[in-house]
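This is a predicted model, so every value here is computed, not measured. Counting convention: from 1, in listed order, for ligands and their atoms alike.
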Amino acid sequence: MSRHRFHSMCPYFAMFPEAFARAWIERLTKPGEVVFDPFAGRGTAPFEALLLGRVGIGGDINPVAACLNRAKLAAPQASSVLRRLNRLEDDYQHRRWMRAASTTSEFFQAAYHRRTLAQLLYLRESLDWRARRTDAMVSALILGGLHGEVSSMRYLSNQMPRTISTKPDYSVRFWTERSLEAPERDAFDMLRQALSFRYASPVPDAAGETIFGDIRDVPRKWRREAPKLIITSPPYRAVTSYEEDQWLRLWFLGGPDRPNKSRITRDDRHIKADDYWNFIGDFWRVSSAILAPRGHVVMRVGATGISPKHLEQQLRASVLLSPRKATIRSVEHSEIGRRQTDAFRPGSRGCVWEIDMHVTLA
Ligand SMILES: C[S@@+](CC[C@H](N)C(=O)[O-])C[C@H]1O[C@@H](n2cnc3c(N)ncnc32)[C@H](O)[C@@H]1O
């Protein structure tokens with residue numbers, strides 16, 4: 001099966017490789033059954049489920065993840081997206097948005113060429129990704145091109161990593177010291193190119209669903225048949241704050257113009273062990289509430305600051321927090337080959353291994 005081009009629409013820290021999701025979905029479910037990822041991130045598992053003829057449902061509390069899941073799991077036809085894009089371009093008032101661009105902070109003025117920034121400000125205000133499927137797709141395509149290597153036409157920004165957004169002061173210092181200037185890129189052209197590239201893969205026939213919000217609210221919101229498989233990776237222990245590291249993408253979706261921590265979720269980066277394992281306990285309670293009888297849970301977890309052996313012990317012990325009888329079927333350790341942090345913090349000590357655990361609930 002060749003790689004569907006929606007998968008890589010926007011990078012996401014600690015994203016699943018598609019092959020990992022595919023192998024478990026094929027092994028543990030049949031076509032038509034429901035597959036759910038409550039910490040879906042860029043939506044790898046639910047989208048792969050859709051491609052395999054299952055019902056793919058993705059949940060996440062972060063608006064970036066919710067927008068990506070919505071775009072992939074309920075993708076409009078390319079012709080509708082193109083119509084919407086043309087309409088947006090026709091309605092664009094250049095002078096008005098150039099004035100708005102001139103009042104932004106030092107970071108934004110150095111991160112984007114003034115013309116690009118004016119278009120981004122306009123698109124940020126005009127797109128309604130929560131309510132319109134076409135707008136979710138246009139927003140997701142922008143999120144994928146919002147920052148990255150300056151040498152590639154696919155990205156709109158001055159030099160930045162693709163996966164995370166660097167902090168404003170650090171970024172401005174970095175660009176000033178190296179005399180780096182933002183390239184002049186047309187956001188509408190970039191969008192049309194991204195659209196034709198992504199839609200070279202066919203839109204899946206069926207649509208899935210996105211549950212935007214805290215995992216603890218999922219049982220109250222669940223409307224579908226019980227999932228046969230929950231396949232997920234919760235935030236890794238003491239590794240990253242998605243909210244802080246994705247601040248620029250969150251800004252584009254209507255968030256504040258500076259990084260924040262713990263406003264969207266307190267669960268991104270637990271340093272204290274007790275808090276982390278209470279959170280994983282919530283995961284087991286939610287899974288027990290919604291999973292089909294004799295259903296499967298597959299989870300991939302990493303951590304910093306503790307040994308793989310210790311994490312495995314804690315992970316095994318956490319299963320006892322499941323209100324339903326849980327049986328551990330397998331536990332596997334793997335090393336992370338090319339860490340995503342290498343792109344922006346080469347040589348830093350981060351999460352270098354992961355544990356996969358397969359459990360069934362009676
Ligand atoms: C390790 S990432 C998942 C990456 C995903 N496997 C992928 O392929 O992209 C963990 C996700 O958990 C989400 N998250 C954090 N706290 C949450 C909460 N309380 N409820 C739901 N999602 C949460 C984060 O926003 C993040 O997207």
Side-chain angles (χ1 to χ4, degrees), residues 3-4 6-25 35-51 56-73 140 143-144 162-164 210-222 229-247 249-250 253 255 260-270 275-276 278-287 290 297-304 336 339-341 350-351 354-356:
R3 189 178 196 213
H4 196 290
F6 281 9
H7 268 308
S8 54
M9 197 176 279
C10 180
Y12 205 86
F13 196 79
M15 58 199 172
F16 279 153
E18 290 110 66
F20 169 83
R22 190 184 317 135
W24 284 105
I25 293 167
V35 174
F36 177 49
D37 184 347
F39 304 113
R42 68 168 184 166
T44 321
F47 186 63
E48 196 59 33
L50 266 195
L51 296 177
I57 303 186
D60 205 291
I61 201 167
N62 189 307
V64 171
C67 175
L68 296 174
N69 277 267
R70 213 157 257 176
K72 293 175 183 182
L73 300 177
L143 295 181
R162 285 181 225 171
T163 307
I164 67 149
T210 304
I211 302 179
F212 178 20
D214 193 291
I215 182 173
R216 297 157 187 99
D217 297 328
V218 165
R220 194 170 48 78
K221 294 178 177 172
W222 194 268
L229 167 65
I230 292 177
I231 175 166
T232 198
S233 54
Y236 290 4
R237 215 200 113 189
V239 172
T240 194
S241 161
Y242 289 90
E243 188 177 343
E244 191 180 25
D245 286 348
Q246 292 175 339
W247 76 268
R249 292 192 176 115
L250 287 168
L253 295 179
N260 272 304
K261 265 195 263 190
S262 306
R263 284 202 191 177
I264 294 175
T265 174
R266 289 182 207 290
D267 302 320
D268 270 355
R269 193 171 192 271
H270 284 294
D275 293 345
Y276 188 71
N278 280 336
F279 170 54
I280 298 299
D282 288 338
F283 164 76
W284 286 115
R285 282 183 278 278
V286 168
S287 298
I290 61 168
V297 176
V298 171
M299 64 196 293
R300 168 166 277 194
V301 187
T304 60
I336 304 176
R339 288 190 307 120
Q340 287 169 317
T341 42
C351 179
E354 291 163 325
I355 297 180
D356 299 337

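Comparing Thr44, Asp267, Asp268, Val64 by heavy-atom distance to atom 19 (N) of ligand 1, the nearest is Asp267. Distances from atom 2 (S) of ligand 1 to the heavy atoms of Phe47, Tyr236, Tyr12, Tyr242 put Tyr242 nearest. With atom 10 (C) of ligand 1 as the reference point, the heavy atom nearest to it among Gly41, Ala21, Gly302, Ser233 is part of Ser233.
Thr265 OG1, 3.1 Å is the protein heavy atom nearest to atom 16 (N) of ligand 1. Remark: minimum distance from atom 24 (C) of ligand 1 to any protein heavy atom is reached at Asp60 OD1, 3.5 Å. Counting protein heavy atoms only, atom 3 (C) of ligand 1 is closest to Phe39 O, 3.2 Å. Residue, atom and distance of the protein heavy atom nearest to atom 4 (C) of ligand 1 are Ala14 O, 3.5 Å. Residue, atom and distance of the protein heavy atom nearest to atom 17 (C) of ligand 1 are Ile61 CG2, 3.5 Å.
Panel note: side chain Asn69, backbone Gly41; a donor-acceptor pair is recorded below 3.5 Å. Between the side chain of Thr265 and the backbone N or O of Asp267, at least one donor-acceptor pair lies under 3.5 Å.
No side-chain heavy atom of Glu18 sits under 4.5 Å from any side-chain heavy atom of Phe47. Inter-residue side-chain proximity for Trp24 and Val35 is flagged as unmet; no heavy-atom pair is nearer than 4.5 Å.
For Gly59, the heavy-atom gap to ligand 1 stays at 4.0 angstrom or more.
Close approach of ligand 1 to Arg216 (heavy-atom distance below 4.0 Å) involves ligand atoms 19 (N). Residue contact check: Met15 has heavy atoms under 4.0 Å from atoms 7 (C), 8 (O), 9 (O) of ligand 1. Counting the atoms of ligand 1 from 1 in the order shown, those under 4.0 Å from a heavy atom of Ile215 are 20 (N), 21 (C). Listed by number with element, the atoms of ligand 1 under 4.0 Å from a non-hydrogen atom of Ala40 are 5 (C), 7 (C), 9 (O). Each of the atoms 7 (C), 9 (O) of ligand 1 lies under 4.0 Å from some heavy atom of Arg42. Against a heavy-atom cut-off of under 4.0 Å, Asn62 is close to the following atoms of ligand 1: 25 (O).
When non-hydrogen atoms are compared, ligand 1 lies under 4.0 Å from the backbone of Pro234 (N, CA, C, O) but not from its side chain. At a heavy-atom cutoff of 4.0 Å, ligand 1 is contacted by both the backbone and the side chain of Asp214.
Side chains of Glu48 and His7: a donor-acceptor N/O pair is present below 3.5 angstrom, by distance only.
Residues Gly56 and Ala49 approach most closely at CA-CB, 4.0 Å, considering heavy atoms. Closest approach of Pro235 to Phe279, counting heavy atoms only: CD-CE2, 3.7 Å. Residues Arg216 and Val286 approach most closely at CA-CG2, 4.0 Å, considering heavy atoms. Considering all non-hydrogen atoms of both residues, Pro234 and Tyr276 come closest at CG-OH, 4.4 Å.
In this structure, Arg300 forms a cation-pi arrangement with Phe20, its terminal cationic atom sitting closer than 6.0 Å to the ring centre and no more than 45° off the ring axis.
Taking the six-membered ring where tryptophan is involved, the planes of Tyr242 and Tyr12 are essentially parallel, since the angle between them stays under 30° and well short of 60°.
When only interatomic distances are considered, the shortest N/O to N/O separation between Pro235 and ligand 1 does not fall below 3.5 Å.
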